[in-house]
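So you know, we letter chains A, B, ... as the sequences are listed, proteins then strands, and number each from 1.
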Amino acid sequence: MDFSQPELLLPFSFYNRPVLHVAKDLLGKILLRKQNGKILSGKIVETEAYHETNDPSCHAHRGKTRRNAVMFGPPGHLYVYFTYGMHYCMNVVAEAEGIAAAVLIRALEPLSGIELMKSRRDEKFKEKDLCNGPAKLCQAFAITTKENGISLLENKIWIADSELVSSKQIAVSPRIGISSGQELPWRFYLKDNHFVSGKKNGK
DNA sequence: ACTGCGATGTCCT
DNA sequence: GGACATCGCAGTT
């Protein structure tokens, strides 16, 4: 299956919806990036939703700043931030312009460009360890703050439609690494998928 | 298997 | 000055 066909590119209307719907519906979709004449791609298997309202762990909860400004912009854009002095994380902006909400992409199942991903991570890693964490997949796809704010509606970095995922295959849990306030069940992942984050042995 | 911790830049109080 | 939407290594059971 060639997911890079332009007809499969998810449209503006996909992102212009409540962030919890976008987070859930991104499961099973394909993240793609064209680079060095190659196509990097991976299936999204784990996401988390963040919203400025009633969510103290959202970067935008205290209003707009230089860092989080992209979250307040139109949906269908990339919000990339730098954290812990060495890691990048990528989010997909959702909901209407003016409302800050985004979906953190936490894990991918690599599909193509795997050699390039390995060269950017470390040759020693197995396939399942290339993108099973938010900072890992950014490293594998070479996504940094240079990519902050770019549109997902053009074919540089984009997301493609794929087969429908039944709600029976989706699991829900509290988000990971959150300390402030009482945590919400806003993490979604594909049940029994071996590429979800935090698994040491593939199961 | 699980636990602790160092790395290290940017934002925010 | 402290916290941070993390990761990988070292040490222990």
Any side-chain heavy atom of A:Leu104 sitting closer than 4.5 Å to one from A:Cys89?
yes
Both distances under 3.5 Å, Watson-Crick or G-U wobble: on that basis, could you give the dot-bracket string for DNA chain C, with [ ] for crossing pairs and | for other-strand partners?
||||.|||||||.
Listed nucleotide nearest any side-chain atom of [X], set [options]:
X: A:Leu104; options: C:dG8, C:dC4, C:dA5; result: C:dA5
X: A:Tyr50; options: C:dG8, C:dT6, C:dA5; result: C:dA5
X: A:Met71; options: C:dA5, C:dC4, C:dC7; result: C:dA5
X: A:Asn91; options: B:dC12, C:dT6, C:dA5; result: C:dA5

Roughly, in whole Å, what's the span from OH in A:Tyr84 to C1' in B:dG6?
13 Å
Between B:dC11 (P) and A:Asn148 (CG): distance, integer Å
11 Å
If the cut-off is 4.0 Å, is A:His59 near the phosphate of B:dC11, judged by side-chain N/O to OP1 or OP2?
no
OP1 or OP2 of C:dG8 less than 4.0 angstrom from a side-chain nitrogen or oxygen of A:Lys124, does that happen here?
no
By side chain to side chain donor-acceptor pair (under 3.5 Å), which residues pair with A:Glu52, not counting sequence neighbours?
none
Which sits closer to the 5' end of DNA chain C, A:Gly85 or A:Phe125, going by the nucleotide each is nearest to?
A:Gly85
Mark yes or no for a side-chain to base donor-acceptor pair under 3.5 Å between A:Tyr81 and C:dA5, with no hydrogen or angle criteria applied.
yes
Residues in contact with DNA chain C, drawn from residues 116-123 of chain A - heavy-atom cutoff 4.0 Å
A:Arg121
